[in-house]
Protein chains: 2
Amino acid sequence: MVNKRDPEATRAAILAAAEDAFLEQGFAEASTSDIARRAGVTKSLIHHHFGSKQKLWTEVKVRRFGEYAQRQQNMLDQSTPTAELLRESLELYFRFLQKTPQTVRLMAWMYLEGDNDCGDLDRAVLKNGVETIRAAQEDGQLRKDVDPRYLLFSFLFLAQHWFQSREHLCRDLEMEGPVEDRDEEYFENMLKIFFEGVLPR
Amino acid sequence: MVNKRDPEATRAAILAAAEDAFLEQGFAEASTSDIARRAGVTKSLIHHHFGSKQKLWTEVKVRRFGEYAQRQQNMLDQSTPTAELLRESLELYFRFLQKTPQTVRLMAWMYLEGDNDCGDLDRAVLKNGVETIRAAQEDGQLRKDVDPRYLLFSFLFLAQHWFQSREHLCRDLEMEGPVEDRDEEYFENMLKIFFEGVLPR
DNA sequence: GTGTTAACTGGCCGACCGGTCAATTGAGGG
DNA sequence: CCCTCAATTGACCGGTCGGCCAGTTAACAC
């Protein structure tokens, strides 16, 4: 038998509802009343557990973004500096964004808000990534005349922005069929370009 | 001598103020009172000229996005299908986003809103771009084993997402100095990757 | 001059917002 | 058992929002 009172579960329910609402509608448009309704609790409970709407949003961001950074970390951990493992890391990253579209929305919101609450969470991961790439370059696995930082960025942008634009672009170009198929096609073509470029070899 | 009443100028003032407010704060957070204040008119005038806050936002989007599509069109018009001219088109696109960060913000808002008001505005331009690339491929200027649509996408993503993430990424990696220098560095490195790939040749 | 029309104003409305507060309730320790 | 304290509730607050409306004013056609 469960307790009639379970503050942990309540917090979790509020957080889940808040994540849904915030990522769907953004901070401004989401209302605490709506979040309370979704979570099946009263509005006052939100303030009791989290203090304010702003603190709740920060909590949501830190959690989600922390998970994102964690995934990135795992991705890099298992990647010794070879081109093949870079490919696998890229795939891991792509699949993660594919499975959790909330992540892409979160980062778009953070961009528009000029957010800096989560700035530090992925710093170490990024630096780690740069060093891995640098090692692969020195090992002759990757060309040495590109800055490893910008190489990493291109890598991230190609994966991330697809999920941000695919709906609009595929609609405009009348590319029909299930989204998953579009994802696969893009991924394959993007890999070719990223590794080998668009010029003929 | 100017008229005391100039509805055209009033409309323009409201539109300009609305664009600033909406792109800064988003649809929900921006208020009609604030827009009226910025434009130096009364709130009622906004409803008189545009009907509702929502219609005003749509008007702003259509205008901005239309200009964006126009720029894209110009970019492609002067680009006969050679690799060198593709490079110049990419630079034109990059410079345009660099000069008008509002464009990047607008597209982020549209993504988050699931916007479809502007869906058709750039359709022709996109198709045009795809055909240009296809022609370059058949001419042997670009490799033929990548889908021209996804090639175009990669092109767009690499330019666009930089302006969406550069602040966060450069802060995390402690890349200091003027933003313009970072833009140049990224642009050069990104070009290398896009054309030649990250693998050694 | 006069009438018509549209630009423009200020005041107002109901709805909803985030947040507060006093009161109630249940769980757990002594 | 009761005492304590946190979890929880619902009523309520001041403030802002988008939108409306009645009235005023300037331009213009005749």
Side-chain angles (χ1 to χ4, degrees), chain A residues 1-63 109-110 112-115 117, chain B residues 1-63 109-110 112-115 117:
Chain A
M1 178 57 191
V2 293
N3 277 343
K4 279 185 80 173
R5 296 194 172 182
D6 185 345
E8 292 292 322
T10 303
R11 276 187 66 99
I14 294 176
L15 269 172
E19 182 171 311
D20 288 349
F22 282 139
L23 292 186
E24 237 171 68
Q25 312 170 287
F27 177 74
E29 201 138 12
S31 80
T32 52
S33 335
D34 178 48
I35 293 172
R37 206 175 308 119
R38 297 192 197 213
V41 302
T42 7
K43 199 177 46 156
S44 312
L45 258 190
I46 294 179
H47 291 90
H48 177 67
H49 283 293
F50 295 95
S52 72
K53 184 189 180 188
Q54 182 61 58
K55 285 181 188 167
L56 177 59
W57 174 219
T58 302
E59 183 80 17
V60 166
K61 282 188 293 188
V62 169
R63 290 199 153 222
W109 286 118
M110 287 171 56
L112 288 170
E113 284 184 6
D115 192 289
D117 291 337
Chain B
M1 180 55 193
V2 294
N3 277 343
K4 278 186 78 174
R5 296 193 172 182
D6 186 345
E8 293 292 321
T10 304
R11 276 186 67 97
I14 294 176
L15 269 172
E19 181 172 313
D20 288 348
F22 281 141
L23 293 186
E24 234 171 70
Q25 312 170 291
F27 176 75
E29 202 138 15
S31 80
T32 52
S33 336
D34 178 48
I35 293 172
R37 206 176 308 119
R38 297 193 198 212
V41 302
T42 7
K43 199 179 44 155
S44 311
L45 258 190
I46 294 179
H47 290 89
H48 178 66
H49 283 293
F50 295 94
S52 72
K53 185 190 181 188
Q54 181 62 58
K55 285 180 187 168
L56 177 60
W57 174 218
T58 302
E59 183 80 17
V60 166
K61 281 187 293 188
V62 169
R63 291 199 152 222
W109 285 117
M110 287 171 57
L112 289 169
E113 285 184 5
D115 194 288
D117 292 336

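Proteins get letters first, then strands, A, B, ... in listed order; numbering begins at 1 in each. Values reported hereafter were calculated over all heavy atoms of this structure, with side chains retained and with hydrogens, waters and symmetry mates removed.
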Sub-4.5 Å side-chain heavy-atom contact between A:Ile35 and A:Phe22: yes
Rounded interatomic separation in angstrom, taking NE2 from A:His49 and C1' from D:dT9: 12 Å
Any side-chain to backbone donor/acceptor pair from B:Ser31 onto B:Asp34? Under 3.5 Å, distance only. yes
Report each atom pair, protein N/O against N/O of nucleotides 18-20 of chain D, whose distance is under 3.5 angstrom.
from: D:dG18; atom 1: OP1; to: B:Ala30; atom 2: O; distance (Å): 3.3
from: D:dG18; atom 1: OP1; to: B:Thr32; atom 2: N; distance (Å): 3.3
from: D:dG18; atom 1: OP1; to: B:Lys53; atom 2: NZ; distance (Å): 2.9
from: D:dG18; atom 1: OP2; to: B:Thr32; atom 2: N; distance (Å): 2.9
from: D:dG18; atom 1: OP2; to: B:Thr32; atom 2: OG1; distance (Å): 2.7
from: D:dG18; atom 1: N7; to: B:Lys43; atom 2: NZ; distance (Å): 3.2
from: D:dG19; atom 1: OP2; to: B:His47; atom 2: NE2; distance (Å): 3.0
from: D:dG19; atom 1: OP2; to: B:Lys53; atom 2: N; distance (Å): 2.9
from: D:dG19; atom 1: N7; to: B:Lys43; atom 2: NZ; distance (Å): 3.3
from: D:dG19; atom 1: O6; to: B:Lys43; atom 2: NZ; distance (Å): 2.3
from: D:dC20; atom 1: N4; to: B:Ser44; atom 2: OG; distance (Å): 3.4

Could you tell me the separation between the NE2 atom of A:His48 and the P atom of D:dA6, rounded to a whole number of Å? 8 Å
For residues B:Leu15 and B:Leu56, determine if any side-chain heavy atom of one lies less than 4.5 Å from a side-chain heavy atom of the other. yes
Rounding to a whole Å, what distance do you find between A:Arg37:CZ and D:dT9:C1'? 16 Å
What is the distance from CZ of B:Phe22 to C1' of D:dC17, rounded to the nearest Å? 13 Å
Could you state the interatomic distance from OG1 (A:Thr42) to NE2 (A:His47), rounded to the nearest 0.5 Å? 11.5 Å
Can you tell me how far CD of A:Gln25 sits from CZ of A:Phe27, rounded to the nearest 0.5 angstrom? 12.5 Å
Which atom of A:Arg38 lies closest to which atom of A:Asp20, heavy atoms considered: NH1-CB, 3.6 Å
For nucleotides 22-25 of chain C, list the nitrogen or oxygen atoms of the protein found under 3.5 Å from its nitrogen or oxygen atoms, one pair per line.
from: C:dT25; atom 1: O2; to: A:Arg5; atom 2: NH1; distance (Å): 2.8
from: C:dT25; atom 1: O2; to: A:Arg5; atom 2: NH2; distance (Å): 2.1

Atom-pair distance (CZ on A:Phe50; C1' on C:dG18), nearest Å: 16 Å
Nearest-angstrom distance from the residue atom CD1 of A:Ile46 to C1' of C:dG18: 10 Å
Quick check: does any side chain N or O of A:Lys53 sit under 3.5 Å from a backbone N or O of A:Ile46, one acting as donor and the other as acceptor? no
If you count every heavy atom of other residues, nucleotides or ligands that lies below 6.0 Å from B:Gln54 atom CD, does the total exceed 12? yes
What is the separation between atom CG on A:Leu45 and atom C1' on C:dG19, rounded to the nearest whole Å? 14 Å
Do B:His49 and B:Glu59 have side chains that approach each other closer than 4.5 Å (heavy atoms only, starting at C-beta)? no
Whole angstrom is fine here: how far is it from CD1 in B:Ile35 over to C1' in D:dC17? 12 Å
